[in-house]
A.B. asks: 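Just passing along the structure, written as structure tokens.
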Amino acid sequence: MFAKQTTSRIAAKLTLCLGVLAGSSIGLADLPKVLDLVPSDTPIVISVRNVGEFKDHIEGMMRKMMLPTEAFAGLGEMEAAITLVGVNRNGSLAMLVYPPKVEPHDEGGLEEGVEHDPVILLPVNDYAAFVTAGGGDPKADTTMVTFEDFSASVRRAGDGFVAMCEDADDFALYTPTTAQKAGHEKTLGTVGMRIADTSDAFVYANMATLRPMLEAGLAEGRQSIKELAAAPGMSEMPGGGDMGEMMDSLMDVGETIVRDAQAAVFGLKLTDGAGVMDLGVQFTSGTESAGSFNSTGNSSSLLGMLPNEPFVAAYSMDMRDANLKRAMTKYLEFSQKMQGGMSGFTMGFGPEIIALADGQAAILGTIDLSAGLFSKMSQIVTSKNPQGLRTAYTNIVNAMDGTTQQGMTFHTTFSPEAKEIAGRKVDVWTMAMDVDPESEMAMAMQMVGPMLFGPEGQMKGYAATIKDGLAFTMSPNTPLLTATIEAAEGGPGLGLNADVARVAEMLPAGRTMEMYLGTREITQSIHDAMMAFMGEAPFEVPEKLAPIGFGATTNDGGLHLRIVMPSDVLAFMSEMTQKYEGPAMEDEMNAEPAEPAGAPRF
């Protein structure tokens, strides 16, 4: 039977397939044909552009990842399903998901209504042949088909498609229709269409349809948070006294998104070089949120101002937009409340810095725990007013001196123009702390201090005025500051890194922010740590591994985040997973062989 567990298998396989897709910046120009038959007010739509190519792309990536033979069993079932009599292997597919309605419970709170199984629109070349092969009646409005262990109710869905559902009663939710693409395009908006057009498969939620359910859930969540904030002992926790206010602010953000969003989109695609995942939100034109996401950034130019050196992580952010500045300031205030009022000490970050900054970028170089995790970290902050930025930074450091937060008393110094580096006078700053032995937070910080900042456990570094802002280091690392100054003022920068450039090409244009994780350096650090503490490491570090890339745009009235996973990284991760799971996999491989798959299971 096409039972509940079978529906779960559909979702699981689609999730597995979607989870290894990737994308490029080249648009595919149009929505899948099947969406013309999907009502534009459907709550959630999952669509695959070409089911045959989708399966082939997944198989190609799995082979690159050198997965064991048993991992391909699901692909065999997929291939059997899309080669059934009458099925169009190269057609598009859609799954229409109808969440249960949420209604007030008699005893308070909310309860979900009746659950519904999804309706699947499967591409067919010959509807009659497909139904007949499954033992159904092609002349009936609705009929039952059975292929071995799979049974479903089916009906015509329009030219070239069949609608399938476990329970014929759930067909009441789906009305066969045509000419729906324009409605989907309008709901997806510019951001959603950008994702859909570059994806082999995507999921999108129609927020207008889902809004009543989401608003009810948020209202219940707000009430639960109020009850939690009022619970005994909560006010004694760090930030606990402000818990209700903080959570209210967080719920306000959620309610604003639900109110203003028209579509939430999740897209994926496979290429030979990478796997890419897209996530986006399109806000309704004219709303507060749409107005807040209406600027095109240039974070890539900021990244090029960092030194071209091996890195664990590197990021850049274009901060020129006034809306982004407000959002960052609000986040900073919220973060400080969550830390019990602790302002923190983050280079180039604080309300005064945010107000003056045009952008910021930072790089965390190769890890040397003997010198401290941050011994090779530098940052630049650009501004039209470098001197004002320096003054604000000086005030932040000096204001921390003598303050006590969460059991830690800070002692800071700021020595202007105390050292000469790269032909200019630079500032030297330090920050030490005394800890209260009665404070768990303070004692924990004392323990990790040497790992973060070196044997003394004390933060110190340099600050230098550059042509368009300031350059900082989190350690007294003269070569690092010199390289940072040179790159920031037109010298060789991180943009010249070929691997970074290759990944950056796959990120969306006009980025406001981007980040790269240096997978090779991270892997090398893990390898070195295992050698130091265990005397051996069960793997060799590849000579080359491309970085994982993240890029976000904040234009066209929406937010778009793309994650790029290079294929060599996926292959290495797969190799490591198999190596660590080797004994378990060996036992599984030595087990009795499974029965042949037989007919497809959807």
Side-chain angles (χ1 to χ4, degrees), residues 273-274 298-318 346-349 359-382 422 451-454 459 461-462 464 466 469-507 511 513-529 541-552 562-566 568-570 572-573:
N298 188 16
S299 58
S300 57
S301 66
L302 292 163
L303 193 81
M305 296 174 70
L306 295 173
N308 185 15
E309 298 185 354
F311 64 89
V312 169
Y315 85 94
S316 60
M317 178 185 297
D318 188 330
T346 306
M347 291 190 305
F349 202 71
Q360 64 172 323
I363 184 169
L364 177 62
T366 52
I367 295 175
D368 180 0
L369 291 181
S370 64
L373 178 65
F374 295 138
S375 62
K376 295 184 180 180
M377 180 177 180
S378 67
Q379 180 175 11
I380 61 159
V381 179
T382 61
M451 183 178 70
L452 298 177
F453 310 114
M459 291 182 273
Y462 299 136
I466 56 176
L470 294 181
F472 307 93
T473 64
M474 284 289 282
S475 68
N477 188 328
T478 298
L480 177 61
L481 181 65
T482 301
T484 303
I485 291 172
E486 290 176 353
E489 295 186 339
L494 193 58
L496 297 178
N497 183 305
D499 289 329
V500 170
R502 180 167 66 88
V503 173
E505 286 180 353
M506 289 182 275
L507 295 175
R511 300 183 292 280
M513 59 196 77
E514 55 196 279
M515 181 174 74
Y516 303 85
L517 296 180
T519 49
R520 190 191 183 283
E521 297 305 323
I522 293 172
T523 304
Q524 184 70 59
S525 299
I526 295 172
H527 179 276
D528 293 348
V541 181
E543 183 176 345
K544 290 195 69 175
L545 273 179
I548 298 172
F550 304 78
R562 176 170 289 177
I563 303 171
V564 177
M565 294 283 291
D568 60 349
V569 175
L570 290 171
F572 180 71
M573 291 171 63

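Because only heavy atoms are used, hydrogens play no part in the values below, and waters and symmetry mates are left out as well, while side chains stay in.
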A.B. asks: Excluding sequence neighbours, so at least two apart, what forms side chain to side chain contact (heavy atoms under 4.5 Å, CB included) with Leu364?
C.D. replies: Val312, Phe374, Met377
A.B. asks: If you look only at pairs with a residue in residues 470-489, which of them pass as a salt bridge (Lys or Arg N to Asp or Glu O under 4.0 Å), with sequence neighbours excluded?
C.D. replies: Arg424-Glu489
A.B. asks: Could you give the distance from OH (Tyr516) to OH (Tyr315), rounded to the nearest 0.5 Å?
C.D. replies: 14.5 Å
A.B. asks: For residues Gly493 and Asn308, report the shortest heavy-atom separation together with the two atoms involved.
C.D. replies: O-CB, 3.2 Å
A.B. asks: Ala487 and Pro492: which non-hydrogen atoms are nearest, and at how many Å?
C.D. replies: CB-O, 3.5 Å
A.B. asks: Scan residues 299-314 for pairs that pass salt bridge (Lys or Arg N to Asp or Glu O under 4.0 Å), counting only residues two or more places apart or in two chains.
C.D. replies: none
A.B. asks: Would you indicate whether the side-chain heavy atoms of Phe472 and Thr484 approach each other to under 4.5 Å?
C.D. replies: no
A.B. asks: Rounded to the nearest 0.5 Å, what separates atom CE in Met513 from atom CG in Leu302?
C.D. replies: 11.5 Å
A.B. asks: Please name all residues satisfying side-chain hydrogen bond (donor to acceptor under 3.5 Å, both in side chains) with Thr519, sequence neighbours left out, ordered by chain then number.
C.D. replies: none
A.B. asks: Can you give me the closest heavy-atom contact between Ala471 and Ile485, atom names plus distance?
C.D. replies: CB-CG1, 4.5 Å
A.B. asks: When rounded to the nearest 0.5 angstrom, what is the spacing between CE in Met305 and CD1 in Ile466?
C.D. replies: 5.0 Å
A.B. asks: Applying side chain to side chain contact (heavy atoms under 4.5 Å, CB included), can you list everything that pairs with Pro479, at least two apart in sequence or on another chain?
C.D. replies: Asn477
A.B. asks: Considering non-hydrogen atoms only, spot the tightest contact between Gly273 and Arg502 and give its length.
C.D. replies: O-NH1, 4.0 Å
A.B. asks: Test your reading of the model: is there a side-chain donor-acceptor pair from Arg511 to the backbone of Ser300, 3.5 Å cut-off?
C.D. replies: no
A.B. asks: Are the side chains of Leu480 and Tyr462 in contact, using a 4.5 Å heavy-atom criterion?
C.D. replies: no
A.B. asks: Taking side chain to side chain contact (heavy atoms under 4.5 Å, CB included) as the test, write out the residues that go with Pro310, two or more places apart.
C.D. replies: Thr366, Glu521
A.B. asks: Considering residues at least two apart in sequence or located in another chain, which fulfil the side-chain hydrogen bond (donor to acceptor under 3.5 Å, both in side chains) criterion with Asp318?
C.D. replies: Arg320
A.B. asks: Search all heavy atoms of Ala361 against all heavy atoms of Ser316 and return the closest pair with its distance.
C.D. replies: CB-CB, 3.8 Å
A.B. asks: Taking the side chain as every heavy atom from C-beta outward, state whether Ser299 and Met317 have any atom pair closer than 4.5 Å.
C.D. replies: no
A.B. asks: Does any part of the side chain of Ser378, heavy atoms only, come nearer than 4.5 Å to the side chain of Leu481, both counted from C-beta?
C.D. replies: no
A.B. asks: Taking Gly359's backbone N and O only, do any of them form a donor-acceptor pair with Thr382's side chain (distance below 3.5 Å, no angle check)?
C.D. replies: yes
A.B. asks: Find the distance between CG (Leu545) and CZ (Phe572) and round it off to the nearest 0.5 Å.
C.D. replies: 6.0 Å
A.B. asks: Of all the heavy-atom pairs spanning Arg562 and Leu507, show the shortest one and how long it is.
C.D. replies: O-CD2, 3.9 Å
A.B. asks: Any side-chain to backbone donor/acceptor pair from Arg520 onto Pro542? Under 3.5 Å, distance only.
C.D. replies: yes
A.B. asks: Considering residues at least two apart in sequence or located in another chain, which fulfil the side chain to side chain contact (heavy atoms under 4.5 Å, CB included) criterion with Ala314?
C.D. replies: Leu303, Leu306, Phe311, Ile363, Leu494
A.B. asks: Going by the rule side-chain hydrogen bond (donor to acceptor under 3.5 Å, both in side chains), which residues pair with Thr478 if we only count those two or more places apart in sequence or in a different chain?
C.D. replies: none
A.B. asks: Under the salt bridge (Lys or Arg N to Asp or Glu O under 4.0 Å) rule, collect the residues that match up with Asp499, sequence neighbours excluded.
C.D. replies: Lys544
A.B. asks: Taking side-chain hydrogen bond (donor to acceptor under 3.5 Å, both in side chains) as the definition, give me every residue that meets it alongside Asp368, ordered by chain and number, with sequence neighbours left out.
C.D. replies: Ser370
